[in-house]
Q: 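I have a structure I would like to understand better, so I am pasting it below and will then ask my questions one at a time.
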Amino acid sequence: MSRSELPIGVFDSGVGGLTVLHECLVSLPAEDFLYLGDSGHFPYGTKSAEELRDRAAAIAGELLGRGVKMLVIACNSATAAAGDEIRKLGEQAGVPVVTVVGPEAEIAATISGNGRVGVLATPATVASGAYRRALDSMGRPLTVTEVAAPDLAPIIQDGPTFDEEVLDLVRGYCQPLREAGTDTLILGCTHYPLVAPMLQRMLGRDVSLVTAGHAIAAAIQRELASRGELASGQVEGDYRFLVTGDVDSFVEVGTRFLQLPLAGRAVKVEV
Ligand code: DGL
């Protein structure tokens with residue numbers, strides 16, 4: 001089998017990364033994907049950097065061991081804590097690693113009109129300073145307002161997502177962003193695109209929301225093309241799931257995130 005026929009490995013703490021996978025399936029329809037949802041260890045957003053490095057290394061090892069041509073970290077918390085380590089692991093295995101954070105920071109810095117950029121993310125991602133560093137390196141002065149949301153990803157993953165309580169919570173998180181005059185908000189957690197309509201309503205139509213999906217799909221495309229490893233042919237690729245937690249609930253919640261069928265495509269794995 002040539003390398004171009006191998007799947008692309010993607011992982012997240014659970015279903016959030018499926019918002020990234022969704023864009024990849026649309027932008028790269030001929031590719032095969034192997035997605036590992038670490039739902040048995042969800043949430044990542046309140047874990048220490050050391051715990052996150054251990055989880056990310058174990059999962060990267062699992063996916064590399066199964067034979068993937070690329071690793072995608074579709075989780076901001078894991079990228080912020082372990083991005084550099086996983087890139088090194090990938091290098092040793094000759095497998096490129098694509099992560100979130102950098103691509104969103106680049107888009108936000110480019111499109112912001114008033115230079116006031118907001119970041120809504122998990123406590124682990126905010127504490128890491130990863131977005132602040134990425135935005136600081138973009139070559140233009142930006143005022144960055146970071147808001148840590150400890151309970152948003154768990155609510156989105158476990159539901160119910162769309163009720164008054166969540167609306168109040170989102171309203172509270174938007175308050176400092178509004179006060180700061182934010183015109184561009186990075187959704188710094190791959191779970192958050194599911195509450196994008198709520199955020200847009202609270203912040204107003206003029207505020208641009210930046211999510212990881214498009215940017216990551218474009219980065220994957222560029223990297224594979226430069227290595228001559230894009231899947232050839234016009235056929236529709238396959239997508240499969242490895243799950244460390246309960247498979248049935250992953251399939252049920254995941255279908256909402258991916259908006260494509262998951263049933264019959266997911267198996268349990270111990271990592
Ligand atoms: N989806 C993950 C992220 O992008 C975090 C969710 C969690 O496990 O807390 O940060």
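Numbering of ligands and ligand atoms starts at 1, following listing order.
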Q: Using a strict 4.0 Å cut-off to heavy atoms of S77, name the atoms of ligand 1 that fall inside it.
A: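 Those qualifying, in numeric order: 3 (C), 5 (C), 10 (O).
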Q: Please classify the C75 to ligand 1 contact at 4.0 Å (heavy-atom distances, strictly less than): side chain, backbone, both or neither.
A: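 Both the backbone and the side chain of C75 come within reach of ligand 1.
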Q: Hey, is the main chain of H41 close enough, under 3.5 Å, to the side chain of K47 for a donor-acceptor pair?
A: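 Yes, the answer is positive, given that a donor and an acceptor are paired below the 3.5 Å cut-off.
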Q: Are the side chain of R66 and the backbone of G61 linked by a donor-acceptor contact shorter than 3.5 Å?
A: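 No.
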Q: Please say whether T125 places an N or O atom under 3.5 Å from an N or O atom belonging to ligand 1.
A: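 By distance alone, the answer is no.
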Q: Counting distance only, does the side-chain N/O of D32 pair as donor-acceptor with the main-chain N or O of D238 below 3.5 Å?
A: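 Indeed, once roles are kept as given, a pair shorter than 3.5 Å links the two residues.
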Q: Can you tell me which residue and heavy atom of the protein come closest to atom 3 (C) of ligand 1, and the distance to 0.1 Å?
A: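 Residue, atom and distance for the closest contact: N76 N, 3.3 Å.
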Q: Can you list the steps and then say if T99 with I86 is a side chain to side chain contact (heavy atoms under 4.5 Å, CB included)?
A: CA-CA 10 Å; T99 74; I86 303 305; over 6 Å; no
Q: So which of E31, E229, E223 actually passes salt bridge (charged side-chain N to carboxylate O under 4.0 Å, His left out) with K69?
A: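 In the set E31, E229, E223, the residue that makes a salt bridge (charged side-chain N to carboxylate O under 4.0 Å, His left out) with K69 is E31.
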Q: Under 4.0 Å from a heavy atom of G45: which atoms of ligand 1 are those, numbered in the order shown and with their elements?
A: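 By the 4.0 Å cutoff, the relevant atoms are 7 (C), 8 (O), 9 (O).
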Q: Should you measure from each heavy atom of D12, which atoms of ligand 1 turn up under 4.0 Å away?
A: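 It comes down to these atoms of ligand 1: 1 (N), 2 (C).
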Q: Could you check, using the six-membered ring where one of them is a Trp, whether H191 and Y44 have ring centers closer than 6.0 angstrom?
A: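 No, the ring centres sit 6.0 Å or more apart.
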Q: Near S13, which atoms of ligand 1 are under 4.0 Å from a heavy atom of that residue?
A: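 Contacts of ligand 1 toward S13, numbered from 1: 5 (C), 6 (C), 7 (C), 8 (O).
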Q: Is it the side chain, the backbone, both or neither of P43 that has a heavy atom closer than 4.0 Å to ligand 1?
A: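 Both backbone and side chain.
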Q: Quick one: does T244's side chain have a donor or acceptor within less than 3.5 Å of a partner on S39's backbone?
A: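 Here the side-chain-to-backbone pair exists.
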Q: Does any N/O atom on T46 come nearer than 3.5 Å to any N/O atom on ligand 1?
A: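 N/O-N/O distance below 3.5 Å does not exist for this pair.
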Q: Are any of the N/O atoms on Y44, whether in the backbone or the side chain, positioned under 3.5 angstrom from an N/O atom of ligand 1?
A: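 Right, the criterion is met.
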